[in-house]
**Student:** 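Handing you this structure, nothing more for now.
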Amino acid sequence: MEKIVLDKIDSFDLKHIFDCGQCFRWNNEIDGSYTGIVYQYVINIKNTEKNKVEVKFYANENITQKDMLEFCSKYFDLERDYKKIKQELSVIDENMKKSIDYGDGIRILNQDLWETVISYIISANNNIPRIKGIIEKLSKNFGNKIEVEGKEYYTFPTPYQLSKATVSDLRQLGLGFRDIRVYETTQIFLNNKIEIENLGMKTTKKLKEILISLPGVGPKVADCILLFSYLKRTEVFPVDVWIRRVINDLYLKCEDENKINNKDIEKLANEKFGYLAGIAQQYLYYWKRDQR
DNA sequence: AAACAGGAACCAC
DNA sequence: GTGGTTCCTGTT
């Protein structure tokens with residue numbers, strides 16, 4: 001185990017970060033810390049005092065202080081000035097201000113593209129506990145084992161590892177109708193049919209087209225991938241049932257929620273929040289989901 | 001036991 | 001390009 005302490009951090013609340021619907025492999029521990037599996041690491045993160053967190057890395061290989069710092073800086077989006085973003089968003093209206101106050105420690109993680117693609121294909125027509133369960137099973141069956149203090153954790157499978165799963169294997173693990181979509185998209189990644197290297201250079205519109213060409217990826221899943229992976233496109237606004245509800249309640253006020261066109265939501269988000277739409281989405285989503 | 005929750009694909013139009 | 005229906009599993 002290697003450990004690093006991050007101090008003088010602001011806008012950083014573990015519950016807000018891991019509970020705002022952007023990730024599936026972080027779990028709350030009894031001591032209030034969170035444990036997650038990220039790339040080849042098992043990571044435990046604990047808020048030890050105000051503006052200070054302790055991050056422990058467990059892996060089958062060693063990691064230096066420098067690597068851990070770089071990793072945290074990137075993964076936890078430490079270079080982004082959330083204070084400034086929150087100020088900008090807060091002045092838009094009272095709703096936005098209220099939801100920011102509620103989830104003021106949210107940060108958008110920069111997650112692995114491949115893992116995010118598969119995870120959000122699985123998320124289609126699905127709920128968070130079940131998505132988490134399926135991803136655990138995929139990892140346990142096809143990922144690498146990491147042992148930490150007598151407990152076993154499994155990394156998310158690589159495209160090669162997941163390609164060992166047949167469609168019926170996937171069906172048995174509970175993927176349902178998503179089995180074929182995961183299988184086919186895995187084949188595309190395995191055979192490098194998607195040019196990962198230059199993705200960062202492309203426009204968001206072009207990237208979204210590429211993502212939607214993958215089986216199981218539609219507009220909403222593509223937006224999630226664009227926002228939650230290291231592609232970091234904050235101007236997208238993923239619209240799921242919760243966002244549809246919150247946008248209708250706060251702004252559109254249409255009597256029948258089903259009558260709303262996603263284009264109207266997109267237009268509103270774009271006009272109101274601009275390039276910060278994705279981050280605004282996170283505050284609104286976190287706030288609305290906790291209203292249940 | 002039957003209804004419900006949740007996005008993409010597919011087929012009409 | 002839009003609208004309606006179906007896909008699957010777990011929960012209530």
Side-chain angles (χ1 to χ4, degrees), chain A residues 19-25 27 111 113-142 162 165-189 193-194 204-229 231 233 236-249 252 254-270 277-278 281-282 284-292:
Chain A
D19 223 14
C20 65
Q22 63 175 326
C23 56
F24 302 106
R25 302 212 70 198
N27 291 302
Q111 305 181 79
L113 176 68
W114 152 251
E115 178 173 339
T116 309
V117 167
I118 296 300
S119 298
Y120 280 92
I121 290 175
I122 294 168
S123 81
N125 231 30
N126 215 339
N127 56 59
I128 291 172
R130 194 151 78 93
I131 299 163
K132 287 177 100 165
I134 291 170
I135 294 172
E136 274 318 299
K137 283 187 235 167
L138 283 184
S139 302
K140 190 163 186 179
N141 282 274
F142 302 99
L162 195 56
T166 64
V167 175
S168 87
D169 289 338
L170 295 172
R171 180 56 64 104
Q172 280 184 347
L173 292 178
L175 275 83
F177 59 83
R178 307 158 196 85
D179 55 4
I180 187 79
R181 303 174 181 177
V182 167
Y183 180 85
E184 287 179 354
T185 294
T186 300
Q187 290 298 315
I188 291 170
F189 270 79
K193 291 268 166 56
I194 183 162
T204 299
K205 188 163 177 277
K206 179 69 190 157
L207 270 178
K208 191 165 172 175
E209 275 172 34
I210 294 174
L211 291 171
I212 286 178
S213 76
L214 295 167
V217 179
K220 189 268 181 180
V221 168
D223 282 347
C224 287
I225 298 164
L226 287 166
L227 182 61
F228 301 143
S229 76
L231 295 172
R233 303 304 168 108
V236 302
F237 194 78
V239 179
D240 65 359
V241 291
W242 295 97
I243 285 300
R244 176 175 279 268
R245 273 167 211 162
V246 71
I247 292 294
N248 191 39
D249 291 353
L252 299 175
C254 181
E255 275 183 38
D256 185 358
E257 217 168 71
N258 303 316
K259 293 255 160 58
I260 307 168
N261 195 316
N262 275 5
K263 288 243 170 68
D264 297 335
I265 299 179
E266 216 170 296
K267 187 160 169 284
L268 182 138
N270 188 34
Q281 193 266 17
Q282 286 304 95
L284 292 170
Y285 179 92
Y286 181 75
W287 177 70
K288 182 65 183 178
R289 284 224 46 148
D290 266 23
Q291 303 292 302
R292 287 175 296 177

**Student:** Atom CG of A:N262 and atom C1' of B:dA8: how far apart are they, to the nearest Å?
**Tutor:**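 Spelled out: CG on A:N262 to C1' on B:dA8 is 13 Å.
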
**Student:** Under a 4.5 Å cut-off applied to non-hydrogen side-chain atoms, are A:E209 and A:K206 in contact?
**Tutor:**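 Touching, per the 4.5 Å side-chain cut-off.
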
**Student:** Just to be sure I follow the notation: if a pair is Watson-Crick (purine N1 to pyrimidine N3 plus N6-O4 or O6-N4) or a G-U wobble (N1-O2 and O6-N3), each under 3.5 Å, what dot-bracket string does DNA chain B give, with | for pairs to another strand?
**Tutor:** .||||||||||||

**Student:** So A:N27 and A:K132, side chain to side chain donor-acceptor pair (under 3.5 Å) or not? Walk me through it.
**Tutor:** CA-CA 10 Å; A:N27 291 302; A:K132 287 177 100 165; 3.2 Å; yes

**Student:** Run through A:I180, A:L138, A:I122 and flag the one making a side-chain contact (heavy atoms from CB on, under 4.5 Å) with A:L170.
**Tutor:**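 Among the candidates, only A:L138 passes.
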
**Student:** For A:F237 together with A:Y285, are the ring centres under 6.0 Å from each other?
**Tutor:**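 That pair fails the under 6.0 Å test.
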
**Student:** Take atom CZ of A:F237 and atom P of B:dG7, then tell me their distance rounded to the nearest Å.
**Tutor:**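 That distance rounds to 14 Å.
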
**Student:** When all nucleic acid strands are considered with a 4.0 Å heavy-atom cut-off, which category describes A:K263: base, sugar-phosphate, or nothing?
**Tutor:**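 It contacts sugar-phosphate atoms only.
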
**Student:** Search all heavy atoms of A:I260 against all heavy atoms of A:C254 and return the closest pair with its distance.
**Tutor:** CG1-CB, 4.0 Å

**Student:** Considering all heavy atoms of both residues, which atom of A:T185 and which atom of A:P215 are nearest to each other, and what is their separation?
**Tutor:** OG1-O, 2.9 Å

**Student:** Is any side-chain heavy atom of A:I243 less than 4.5 Å from a side-chain heavy atom of A:V246?
**Tutor:** yes

**Student:** Could you measure the distance from the CG atom of A:N270 to the NZ atom of A:K263? Nearest 0.5 Å is fine.
**Tutor:** 13.5 Å

**Student:** Could you list the residues that satisfy side-chain hydrogen bond (donor to acceptor under 3.5 Å, both in side chains) with A:N261, not counting sequence neighbours?
**Tutor:**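 Testing A:N261 for side-chain hydrogen bond (donor to acceptor under 3.5 Å, both in side chains), a comparison that skips the adjacent residues, returns none.
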
**Student:** When we call it a touch if two heavy atoms are under 4.0 Å apart, what does A:N261 touch: a base, just sugar-phosphate, or nothing?
**Tutor:** nothing

**Student:** Please tell me if the side chains of A:N141 and A:D169 come closer than 4.5 Å, counting only heavy atoms from C-beta onward.
**Tutor:** no

**Student:** Pick out the pairs of N or O atoms, protein on one side and nucleotides 11-13 of chain B on the other, that lie under 3.5 Å.
**Tutor:**
none

**Student:** Specify the residues of residues 213-221 of chain A, ordered by number, for which at least one heavy atom lies under 4.0 angstrom from an atom of DNA chain C.
**Tutor:** none

**Student:** With no hydrogens and no angle check, do the side chains of A:R244 and A:N262 hold a donor and an acceptor under 3.5 Å apart?
**Tutor:** yes

**Student:** Ignoring backbone atoms, test whether A:W242 places a side-chain nitrogen or oxygen under 4.0 Å from the OP1 or OP2 oxygen of B:dG6.
**Tutor:** yes

**Student:** Which residues in residues 119-131 of chain A have at least one heavy atom lying under 4.0 Å from any atom of DNA chain C?
**Tutor:** A:N125, A:R130

**Student:** Rounded to the nearest angstrom, tell me the gap between atom CD1 in A:I260 and atom P in C:dT2.
**Tutor:** 17 Å

**Student:** If we only count heavy atoms from C-beta on, is the A:I135 to A:R25 side-chain gap below 4.5 Å?
**Tutor:** yes

**Student:** Taking CG from A:N258 and P from B:dA5, how many angstroms apart are they, rounded to a whole number?
**Tutor:**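 My rounded result for the distance is 10 Å.
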
**Student:** Mind checking whether A:R178 and A:N125 have side chains closer than 4.5 Å, heavy atoms only?
**Tutor:** yes

**Student:** Quick one: A:I243 CD1 to B:dA5 C1', roughly how many Å, whole number?
**Tutor:**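 Going from A:I243 (CD1) to B:dA5 (C1'), I get 17 Å.
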
**Student:** Is the closest side-chain heavy-atom distance between A:I247 and A:L284 below 4.5 Å?
**Tutor:**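 Yes - at least one pair of side-chain heavy atoms lies under 4.5 Å apart.
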
**Student:** For DNA chain B, which residues of residues 170-186 of chain A approach it to below 4.0 angstrom with any heavy atom?
**Tutor:** A:F177, A:R178, A:R181

**Student:** Against A:K208, only a single residue in A:I212, A:I210, A:L211 fulfils side-chain contact (heavy atoms from CB on, under 4.5 Å); can you say which?
**Tutor:**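 Testing A:K208 for a side-chain contact (heavy atoms from CB on, under 4.5 Å) against A:I212, A:I210, A:L211 leaves exactly one candidate, A:I212.
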
**Student:** Any side-chain heavy-atom pair from A:L162 and A:V182 closer than 4.5 angstrom?
**Tutor:**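 A:L162 reaches A:V182 side chain to side chain.
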
